[in-house]
Amino acid sequence: MKGIDRLVRRNIAELTPYSTARDEYEGALGVFLDANESPYPNGWNRYPDPHQKKLKQRISELKGIPVGNIFLGNGSDEAIDLLLRVFCNPGKDNVVAISPSYGMYEVAAQINDIEVRKVPLGEDFTLDREALLAATDAQTKLMFICSPNNPTGNAFSNSELLSLAGAFDGILVVDEAYIDFSKVGSLAPRVAEMDNVVVLQTMSKAAGMAGLRLGMAFSNTRIIELMSMVKYPYNLSQATQELALQNLEESYKWKIDETITERARMAEALRCTAGVLKVWDSEANFLLVKVKDADLVYERLIGGGVIVRNRNKVPGCLGCLRISIGTPKENDILLKLMKEL
Ligand SMILES: *Cc1c(COP(=O)(O)O)cnc(C)c1O
């Protein structure tokens with residue numbers, strides 16, 4: 001263990017976190033006159049559990065990861081922002097990210113006044129290990145690698161990622177938002193034993209709860225402790241905690257299976273469509289598709305009532321659209337429009 005405390009901002013290392021009324025007395029029964037809540041029951045009048053114990057316990061069982069290695073947030077976007085605020089001094093430190101990739105790393109860093117060093121992916125969107133490491137310096141605190149990557153759809157191998165973590169003198173953040181759709185296994189079961197890896201996952205994609213806002217970070221207990229110290233005490237509402245627990249009781253595996261089957265069907269069909277130049281293999285629930293005139297196809301699809309993501313202006317994705325896999329019926333509507341163009 002290299003010990004990560006030297007990477008933490010001094011003001012955070014020295015922080016005394018806010019202590020909630022629910023921290024100071026944790027019993028469930030009694031007359032609660034400690035939090036200035038309304039005493040009149042309506043289902044929501046009490047503050048939610050700031051430690052999300054029940055939900056964490058359930059997620060721990062589902063993922064096979066100890067509760068102490070789990071952070072829950074208002075989407076993975078909260079975890080991204082917290083990592084920046086725990087480790088990066090505004091105006092001084094920097095982070096490294098692959099390009100093209102998920103836009104939130106850059107936006108969250110900019111909001112925190114943290115420089116982002118974007119390192120282009122190699123041929124066919126491969127990871128350029130040497131270029132990534134060359135982009136770092138003593139002020140580089142975090143490296144964001146999205147795998148499977150949005151919008152390119154490819155996944156990086158765990159051995160590549162672990163080798164990168166071993167060579168990097170900062171925290172490697174592996175965003176696994178799409179891992180349920182991939183044949184590459186999650187790195188999450190490995191994080192507890194490593195001092196500098198954080199794995200992000202979300203309930204927004206395969207688990208079908210984008211509207212609830214529930215993201216997860218898995219890491220060693222020290223990093224989880226730091227993130228928990230900095231988060232808003234009540235970052236997950238009672239509604240999110242209860243509804244997520246309810247929803248997690250239902251299996252969504254069939255949806256993942258159907259999406260993977262549809263992904264193969266769509267890739268095949270699009271490859272045989274006039275005007276389609278390239279469809280990359282995908283380990284996610286979307287396809288990156290290069291077409292002859294991306295802006296025109298995008299507008300025509302909207303005209304037909306189908307909205308896709310236009311990535312034509314994104315460096316490395318010129319001429320590309322990112323198309324989510326929908327239900328079989330929805331996919332047929334897209335295909336029909338594409339064939340008519
Ligand atoms: C969709 C997505 C997320 C999910 O963010 P939430 O805030 O959890 O909804 C995270 N990372 C990537 C790369 C994504 O595409």
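In what follows, residues are counted from 1 in the order of the sequence shown. In listed order, ligands and their atoms are each counted from 1. Atom set for the values below is all heavy atoms of this structure, side chains included, hydrogens, waters and symmetry mates excluded.
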**Complete:** The protein heavy atom nearest to atom 5 (O) of ligand 1 is S76 OG, 3.3 Å

**Message:** Between S147 (side chain only) and F156 (backbone N and O only), is there a donor and an acceptor less than 3.5 Å apart?
**Reply:** yes

**Message:** So for ligand 1, is T202 a polar contact partner (N or O within less than 3.5 Å, distance only)?
**Reply:** yes

**Asked** Under 3.5 Å, is there a donor-acceptor pair between the side chain of K231 and the main chain of P50?
**Response** yes

**Lys/Arg-Asp/Glu bridge criterion (N-O < 4.0 Å) met for R9, D93** = no

**Prompt:** Has R213 got any heavy atom lying under 4.0 angstrom from an atom of ligand 1?
**Reply:** yes

**Request:** Starting from atom 2 (C) of ligand 1, find the nearest protein heavy-atom neighbour and note its residue, name and distance.
**Result:** K205 NZ, 2.4 Å

**Asked** By number and element, which atoms of ligand 1 are closer than 4.0 Å to a non-hydrogen atom of A177?
**Response** 2 (C), 3 (C), 10 (C), 11 (N), 12 (C), 14 (C)

**Prompt:** Given the side-chain rings of F286 and Y178, with only the six-membered ring counted for Trp, is the space between their centroids under 6.0 Å?
**Reply:** yes

**Item:** Whether over 12 other heavy atoms sit under 6.0 Å from R46 CZ
**Value:** yes

**Asked** Between the side chain of Q52 and the main-chain N/O of Q241, is any donor-acceptor distance below 3.5 Å?
**Response** no

**Message:** Need the ligand 1 atom indices (1-based, order shown) with element for anything under 4.0 Å from a heavy-atom of Y178.
**Reply:** 1 (C), 14 (C), 15 (O)

**Request:** Go through ligand 1 atom by atom and flag the ones less than 4.0 Å from a non-hydrogen atom of G75.
**Result:** 6 (P), 7 (O), 8 (O)

**Prompt:** Got I70 and S60 here, is their nearest side-chain heavy-atom distance under 4.5 Å?
**Reply:** yes

**Asked** How are the rings of Y105 and Y102 set to each other: parallel, tilted or perpendicular (split at 30° and 60°)?
**Response** perpendicular

**Item:** Mode of D175 contact toward ligand 1 - side chain, backbone, both, neither (heavy atoms, under 4.0 Å)
**Value:** side chain

**Request:** Check ligand 1 against D77 and write out every atom of the ligand that is under 4.0 Å from a heavy-atom position of the residue.
**Result:** 5 (O), 7 (O)

**Request:** Please state whether C146 comes within less than 4.0 angstrom of ligand 1, counting heavy atoms only.
**Result:** yes

**Complete:** The atoms of ligand 1 lying under 4.0 Å from a heavy atom of S204, numbered in the order shown, are 6 (P), 8 (O), 9 (O)

